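In what follows, chains are A, B, ... by sequence order, proteins preceding strands, each numbered from 1. Here the structure is a predicted model, which is why all the values come from computation and not from measurement.
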Protein chains: 2
Amino acid sequence: MLPPSDDRLPMHARLRDALASRIAALEWASGEAIPSEQELAKAYGVSTSTMRKSIEHLVREGLLERKQGVGTFVRRPSFDGSLFRWFNFEDASTGGGRTVPESRLIEREVMDATPEIASGLRLPEGAKVVRVLRLRLWAGKPVICEDLYLPHPLFEPFVTMDEHEIGPLLYPVYERAFGQVVTSVEDELSLGQADVVKARLLEVKTGDPLIVVERTSFGTNGTPIDWRRAYGRSDRFRYRVRLT
Amino acid sequence: MLPPSDDRLPMHARLRDALASRIAALEWASGEAIPSEQELAKAYGVSTSTMRKSIEHLVREGLLERKQGVGTFVRRPSFDGSLFRWFNFEDASTGGGRTVPESRLIEREVMDATPEIASGLRLPEGAKVVRVLRLRLWAGKPVICEDLYLPHPLFEPFVTMDEHEIGPLLYPVYERAFGQVVTSVEDELSLGQADVVKARLLEVKTGDPLIVVERTSFGTNGTPIDWRRAYGRSDRFRYRVRLT
DNA sequence: AAGTGGTCTAGACCACCGA
DNA sequence: CGGTGGTCTAGACCACTTC
């Protein structure tokens, strides 16, 4: 039942992994309730307190949501509103209104990593990567254009996947199709300029200032899963973050 | 012992508040160990598990740090090196080298809050605030210029404090002189332009693009402590953050 | 060896929600 | 009302660090 977990890990950590993979395997739909603490505790042969700790862990990670008196629910990023957990992007032109982001894949290919990409993904120089050029739109208007890189052997199938199968968010795809769960990200923001391609996609003039977000996302074991450089239109894009 | 806490709150929440205020009151120095779980549990007349939960809460908030087999330690931003905990600023021109940021207070005054400032500090409209105009330099070169606002009655003395007494970081001052411990911040980044004053201070041309960081910092009880709008030179300033 | 935090148990009772 | 999660207890044993 818990094959990928290390036996030396504490029970609650193994339970967390077990539940996480059941969630990743879509055993329960988004928003659906999982079995109660007591049922799960009995099923896994642990005390309710231990099961509780695992569930609390998953709640902190954003995979589950608890409602007192009701149950524990799967909370997966999707269209249904609230959360893009690490997508602290906001549409400045609509005052941060909650519009659904759209995603268009412009290019997908396998290429040799430049030194910059290799270092971002902690890959040896000369490794191959999957490159994705993507445009993101809010309310039909282009907001962000991003160059995105994935380690090659593993993510090769991504190049030919059906765009509809991919959808507007990539992290769920990494999880569903490649078994990679993103657990943390590192962002670095600076100022850049639109080159010809980005200017055309974002509908601005070449040379216009853009907000640049360089992001590395990390998996459960701390290895990078993707590295991207996103260019945001300064009039439509704000980046928000809460640090504790 | 726990006067500001609501009696209807769960015990672990009240304990958290009690410990937080003892930490804020500098009962233990930075890096110093607090009493063990069992001592604290006995002192407050609760079970170790309950005390444990309070401590775990404070660890998640970043006020404490636990080391197995050693103890639980106060973890507070300070001058002693490594951390500008929420200062994810980096000097782009020196490749992120560790230089000490310098701070110059340009103006300090009491003024009426604009609606924008009032909303940032969650104050009623028309409240008074302390305004600070500050320039921050890396390696002697101007990098960030910030407008900063503090709630008035409490921070009034800040206006006339000796600049040497204040030093390059404000959060420690809030703590030392006003008993306010910053536990979390919320940042929002966008793009702006240099007005005449900022252009002069930052040594750029009027109208040059600048990175704008709007930051609200929050205290232990979740109320805002300061609100600021920082303007960073795009060639010397990067903003970095890790999200877990 | 002594003391710390980390894990885990097997309960009890409460607060909340929905039928 | 019954079932859910939320709180709290009073322990036991383990893993780790320090002396």
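Non-hydrogen atoms lying under 4.0 Å from DNA chain D are contributed by A/Ser36, A/Glu37, A/Glu39, all within residues 33-41 of chain A.
Using modelled atom types, one side-chain atom of B/Ser54 and one backbone atom of B/His12 make a donor-acceptor pair closer than 3.5 Å. Judged by distance alone, the side chain of A/Glu163 and the main-chain N or O of A/Leu105 form a donor-acceptor pair under 3.5 Å. B/Arg136 places a side-chain N or O within 3.5 Å of a backbone atom of B/Pro168 that can act as its donor or acceptor partner. No donor-acceptor pair under 3.5 Å is formed between the side chain of B/Thr50 and the backbone N or O of B/Val46. The closest donor-acceptor contact from the side chain of A/Arg236 to the backbone of A/Leu137 lies at 3.5 Å or more, if one exists at all.
Rounded to whole Å, atom P of C/dG5 lies 10 Å from atom CD of B/Gln68. Between the CD atom of B/Glu56 and the P atom of C/dC8 there is a distance of 13 Å, given to the nearest Å. Atoms CZ (B/Arg14) and C1' (D/dC8) sit 12 Å apart, rounded to a whole Å. If you take CE of B/Met51 and C1' of C/dG6, they are 17 Å apart, rounded to a whole angstrom. Here the P atom of nucleotide D/dT17 and the CD atom of B/Glu65 are 14 Å apart, to the nearest Å. For A/His12 and C/dG5, the NE2 to C1' distance is 12 Å, given to the nearest whole Å. The interatomic distance linking B/Phe73 (CZ) with D/dT18 (C1') rounds to 11 Å, in whole Å.
The aromatic ring centroids of A/Phe158 and A/Phe155 lie 6.0 Å or more from each other.
With C/dC16, D/dT18, C/dC8 as the choices, the nucleotide that has an atom nearest any side-chain atom of B/Val70 turns out to be D/dT18. Comparing D/dA15, D/dG6, C/dC8 by their nearest atom to the side chain of A/Pro10 picks out C/dC8. Among the nucleotides C/dG6, D/dG5, D/dC8, the one closest to the side chain of A/Thr72 is D/dG5.
When all heavy atoms are compared, the tightest approach of B/Leu121 to B/Asp226 is CD2-C, 3.5 Å.
B/Gln38 CD: 12 or fewer foreign heavy atoms inside a 6.0 Å radius.
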Polar atom pairs (N or O), protein with nucleotides 10-13 of chain C, under 3.5 Å:
unit_1, atom_1, unit_2, atom_2, d
C/dA10, N6, A/Ser49, OG, 3.1

| field | Worked verdict on B/Glu37 versus B/Lys42 for salt bridge (Lys or Arg N to Asp or Glu O under 4.0 Å) | value | CA-CA 9 Å; B/Glu37 292 177 350; B/Lys42 187 177 292 182; over 6 Å; no

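An OP1 or OP2 oxygen of C/dT4 is reached within less than 4.0 angstrom by no side-chain nitrogen or oxygen of B/Arg66. Residue A/Arg52 has no polar side-chain atom (N or O) positioned under 4.0 Å from OP1 or OP2 of D/dG5. OP1 or OP2 of C/dT7 sits under 4.0 Å from a side-chain N or O of A/Lys53.
If you find the closest nucleotide of DNA chain C to B/Lys67 and to A/Thr50, the one lying nearer the 5' end belongs to B/Lys67.
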